[in-house]
Student: 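My structure is below; once you've seen it, I'll send some questions.
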Amino acid sequence: MPRLTPLTPRSPWTALTATDEDWENADPALLGTLLAHCHLIRGFEEAVLDLAAQGLVHGPAHSSIGQEGGAAGSIVTLRARDGVNGSHRGHHQFLSKSLAYLCPDGIDPRAELAPAVRDLLQRTLAEILGLAQGFCNGRGGSMHLRWTEAGALGTNAIVGGGVPMAAGQAWAHRHAGTDAVMVSYFGDGAVNIGSVLETMNLAAAWKLPLCFFIENNRYAVSTHVEESTAEPRLSARGLGFNIPSWQVDGMDPLAVHLAMQAALAHMRAGNGPTVIEADVYRFFHQNGPYAGSAFGYRSKEEEQAWRARDPLALMAARMQARGLIDEAGVQALHERVRQAMRQAVAALTEADAAAGEGKRRIQPALWPSPDFRDVGILGDLSEMQGLRYAEHDSGEVAQAERAFIDVVADVMDRRMARDPGVVVMGEDVHRLKGGTNGATRGLSQRYPDRCLGTPISENAFVGLAGGMALDGRYRPVVEFMYPDFVWVAADQVFNQIGKVRHMFGGRDEVPLVLRTKVAMGTGYGSQHSMDPAGIFATCPGWRIVAPSNPYDYVGLMNSALQCRDPVLVIEHVDLYNSKGPGPVDDYDYYLPVGKAALRRSGPDVTVIAYLSMVGHAAEAMDRCGVRGDLVDLRWLDRASLDWETLGASIRKTNNVLIVEQGARGTSYGGWLADEIQRRFFDWLDQPVQRVTGGLAAPSISKVLERAAAARTDEVEAALREVMANQGAA
């Protein structure tokens with residue numbers, strides 16, 4: 001028989017319960033603040049549900065009624081520099097963190113509400129109603145609340161989507177040498193999501209001061225927690241990652257407070273992350289002013305049992321038992337909050353006689369202007385003013401024949417030496433003499449605390465980078481070993497990083513660079529070879545750079561790192577081993593955002609290319625004897641495309657050929673051709689022609705891989721067809 005040895009987890013897992021002694025010894029000011037936070041949240045949420053019932057909330061109204069104790073208990077003693085983020089059901093956390101920021105010394109439940117508190121209630125309500133005076137100018141609504149100054153760093157409509165970003169902000173706190181922490185709130189639905197579990201692993205490995213706060217309200221919409229997991233004690237997840245974990249009654253605000261104090265002590269001491277699971281209950285359905293029992297997935301008896309444990313009633317009873325407040329005082333607090341909410345509603349709505357007696361509508365003057373629709377998708381590039389721009393033929397930069405891959409490493413070394421905020425991360429970037437291609441050569445030796453080798457967890461580490469960028473103290477440079485891995489991290493790349501500036505009102509900058517390489521021709525097959533340009537071009541919020549030579553790489557990377565928007569820098573393995581003119585020892589020049597390069601000039605055709613296809617196009621033009629304009633786009637995103645250069649060329653040649661290497665289905669040139677024909681239809685002698693790869697992604701077979709990717713031969717054939725069509729015309 002084998003010998004069986006029981007194993008125990010390395011970190012403790014504890015159920016914490018507040019005792020009568022804890023209640024007797026609790027600071028009266030703390031208890032009063034907890035009571036005030038709970039009542040302010042409850043009164044606010046009741047007003048939201050009332051407006052939702054009137055049809056005045058456009059979109060969902062995810063009420064946190066019943067869950068106030070978890071928010072208040074965990075937040076009232078957080079400092080201003082501590083941060084929180086949360087999920088779609090996050091009004092309570094947003095309000096509690098904002099209240100803690102506005103009233104750092106607590107709130108007396110017997111006093112009148114401060115004007116700043118009343119303003120908070122109105123601005124938060126305005127955001128939920130989609131109005132211009134809201135914290136995100138009406139763009140966030142109920143599910144996207146952010147007030148950076150208060151440390152309320154964003155609620156999120158993607159379940160679990162904000163957790164990796166919280167890790168990034170926690171990394172920034174730790175690296176800056178502070179004892180500030182992050183708390184990320186999510187529910188029983190998110191606890192089984194990959195990005196959450198990936199982030200737990202990464203936070204534990206890097207000892208980040210991040211509390212994973214699980215609000216276990218037992219239902220993901222209508223699915224009970226015991227239907228979705230074999231271990232419904234959700235704080236057990238922490239044990240697998242060596243994270244100390246607490247389970248606590250979330251209906252008891254003091255118990256939650258005590259658990260958070262223990263977690264804060266652990267995190268502020270530099271010991272890494274924590275998990276708190278608070279058992280709570282939402283008194284209403286997933287969305288709107290109806291009980292869950294109305295939809296048949298839970299019973300009225302269950303709801304009544306939980307309502308009997310209302311955290312507001314518990315707080316009031318405990319404080320009354322100590323003589324800290326009486327029933328009249330509790331009712332007065334309740335009425336003050338209701339009056340504040342009535343005033344907030346009155347300030348945002350008006351009588352609507354046309355709809356009937358007693359009906360109200362949003363005051364029309366308070367809606368955002370339609371002109372605000374696209375403002376803030378990207379920044380205004382004011383950060384690019386005053387830079388030293390130098391094109392390759394300017395004579396300002398000494399040049400020599402350089403290997404492309406060498407300047408990739410050299411310019412990053414230069415930027416990290418000059419800017420202590422630049423942080424490089426990705427899989428194996430700290431090993432193998434510069435990652436799998438040498439692009440990060442020497443960085444881990446010179447900057448060991450800023451060249452971070454990550455676990456294989458793209459969702460976690462690119463989301464972490466997004467949080468670092470939003471923090472503002474650091475400029476992360478993330479390497480995706482292959483662009484196909486973007487699909488693994490699509491939520492963080494597109495839903496989070498790409499949308500965050502616009503979604504939260506257009507103010508928050510996201511200075512992040514994502515590097516990746518096109519690897520067609522290397523035999524790595526369908527899941528390692530894609531060109532990501534076409535995908536990113538369809539997703540607003542990203543700028544896209546595609547350098548075709550060593551000199552441009554330096555100037556474009558410098559501009560990407562200076563930019564306060566997220567920038568995708570696409571490289572190509574064919575270029576890594578190529579040589580061309582590049583800087584000798586000057587790595588401080590820039591190339592302007594939105595400026596293409598005219599590599600050749602001629603009257604016959606406008607050939608548009610990027611990356612390695614610039615070289616293939618030039619070779620094909622030589623073979624055909626075609627005299628045309630060869631436009632190297634350099635910047636590929638819609639906002640940065642150089643229409644001035646393209647337009648001048650098209651008006652001259654009246655023929656366009658777009659060449660790219662990748663698969664037809666994810667083609668970049670498809671949208672570009674459509675836009676050219678819309679803008680320049682009257683100048684075209686024939687439809688815009690295109691060269692792409694095959695319909696399928698490249699295969700491992702050398703023959704099939706070559707057939708799937710466009711190179712010089714395909715460009716040559718297309719040029720001959722363009723010229724034949726021109727002659728026929």
Side-chain angles (χ1 to χ4, degrees), residues 31-54 56-57 61-73 75-76 89-103 106-129 131 134-135 142 145 147 150 152 155 250-251 253 280-284 287-291 307 309-317 319-320 325-349 360:
L31 296 180
T33 300
L34 286 170
L35 181 69
H37 276 232
C38 287
H39 271 270
L40 283 161
I41 294 167
R42 178 68 59 86
F44 180 88
E45 294 286 60
E46 288 174 342
V48 169
L49 291 185
D50 182 58
L51 290 170
Q54 297 178 53
L56 295 179
V57 177
H62 297 116
S63 161
S64 61
I65 291 177
Q67 300 185 193
E68 298 90 346
I75 289 174
V76 290
R89 191 180 312 284
H91 303 166
H92 51 330
Q93 292 130 16
F94 177 85
L95 286 170
S96 198
K97 187 64 172 72
S98 299
L99 289 166
Y101 171 71
L102 293 172
C103 308
I107 300 176
D108 184 346
R110 298 160 299 185
E112 292 296 322
L113 298 180
V117 172
R118 293 177 179 272
D119 183 64
L120 167 67
L121 297 173
Q122 181 173 320
R123 285 192 67 194
T124 308
L125 183 61
E127 184 57 48
I128 290 171
L129 295 176
L131 306 183
F135 282 96
S142 174
L145 294 165
W147 186 15
T155 54
M251 310 302 277
V280 294
Y281 199 78
R282 54 173 165 84
F283 288 175
F284 289 88
N287 168 34
Y290 304 103
R307 280 186 174 272
R309 300 179 55 212
D310 191 327
L312 276 67
L314 174 65
M315 286 297 313
M319 290 183 68
Q320 288 176 51
I325 199 169
D326 57 18
E327 179 61 28
V330 174
Q331 288 303 313
L333 169 63
H334 175 69
E335 183 52 38
R336 281 195 297 276
V337 173
R338 292 191 63 184
Q339 178 60 24
M341 291 311 305
R342 285 194 290 267
Q343 291 174 351
V345 170
L348 302 176
T349 65
R360 300 189 69 80

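Quick caveat, the model's predicted, so the values are computed rather than measured. The figures that follow rest on heavy atoms only: side chains count, while hydrogens, waters and symmetry mates do not.
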Student: Rounded to the nearest 0.5 Å, what's the gap from NE2 on His92 to SG on Cys38? Could you check?
Tutor: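 Interatomic distance, His92 NE2 to Cys38 SG, rounded to 0.5 Å: 10.5 Å.
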Student: Can you sort out the partners of Thr155 under side-chain contact (heavy atoms from CB on, under 4.5 Å), two or more places apart, ordered by chain and number?
Tutor: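 Listed in chain order: Leu145.
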Student: Are His91 and Glu45 close enough that a side-chain donor and a side-chain acceptor fall under 3.5 Å?
Tutor: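 Judged by distance alone, the side chains do pair up.
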Student: For Arg342, check salt bridge (Lys or Arg N to Asp or Glu O under 4.0 Å) against everything at least two apart and list the hits.
Tutor: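 Per chain and number, Arg342 pairs via salt bridge (Lys or Arg N to Asp or Glu O under 4.0 Å) with Glu335.
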Student: Could you work out, with side-chain contact (heavy atoms from CB on, under 4.5 Å) as the rule, every residue matching Asp50, not counting sequence neighbours?
Tutor: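 If we apply the side-chain contact (heavy atoms from CB on, under 4.5 Å) test to Asp50, skipping adjacent residues, the hits are Gln54.
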Student: Applying side-chain contact (heavy atoms from CB on, under 4.5 Å), name anything that partners Asp310, two or more places apart in sequence or on another chain.
Tutor: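 If we apply the side-chain contact (heavy atoms from CB on, under 4.5 Å) test to Asp310, skipping adjacent residues, the hits are Arg42, Phe283, Leu312, Ala313.
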Student: Classify the ring geometry of Trp147 against Tyr101: parallel below 30°, tilted from 30° to 60°, perpendicular beyond 60°.
Tutor: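 Ring orientation, 0 to 90° scale: perpendicular.
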Student: Could you work out, with side-chain contact (heavy atoms from CB on, under 4.5 Å) as the rule, every residue matching Gln320, not counting sequence neighbours?
Tutor: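 So Gln320 forms a side-chain contact (heavy atoms from CB on, under 4.5 Å) with Ala316, Ile325, Glu327, Val330.
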Student: Among residues at least two apart in sequence or on other chains, which ones pass salt bridge (Lys or Arg N to Asp or Glu O under 4.0 Å) with Arg338?
Tutor: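 Partners of Arg338 under the salt bridge (Lys or Arg N to Asp or Glu O under 4.0 Å) test: none.
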Student: First locate atom OH of Tyr281, then atom CZ of Arg309, and finally report the distance between them rounded to the nearest 0.5 Å.
Tutor: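 Output value for this atom pair is 11.5 Å.
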Student: Closest heavy-atom contact between Ala72 and His37?
Tutor: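 The answer is CB-CB, 3.8 Å.
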Student: So which of Ile65, Val337, Leu121 actually passes side-chain contact (heavy atoms from CB on, under 4.5 Å) with Phe44?
Tutor: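 Exactly one option meets the side-chain contact (heavy atoms from CB on, under 4.5 Å) with Phe44, and it is Leu121.
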Student: Could you pull out the closest heavy-atom pair between Ser96 and Ala71, with the gap in Å?
Tutor: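 Heavy atoms of Ser96 and Ala71 come nearest at OG-O, 3.8 Å.
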Student: Could you pull out the closest heavy-atom pair between Ser64 and Ile41, with the gap in Å?
Tutor: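 Nearest pair, atom of Ser64 first, then Ile41: OG-CG2, 3.9 Å.
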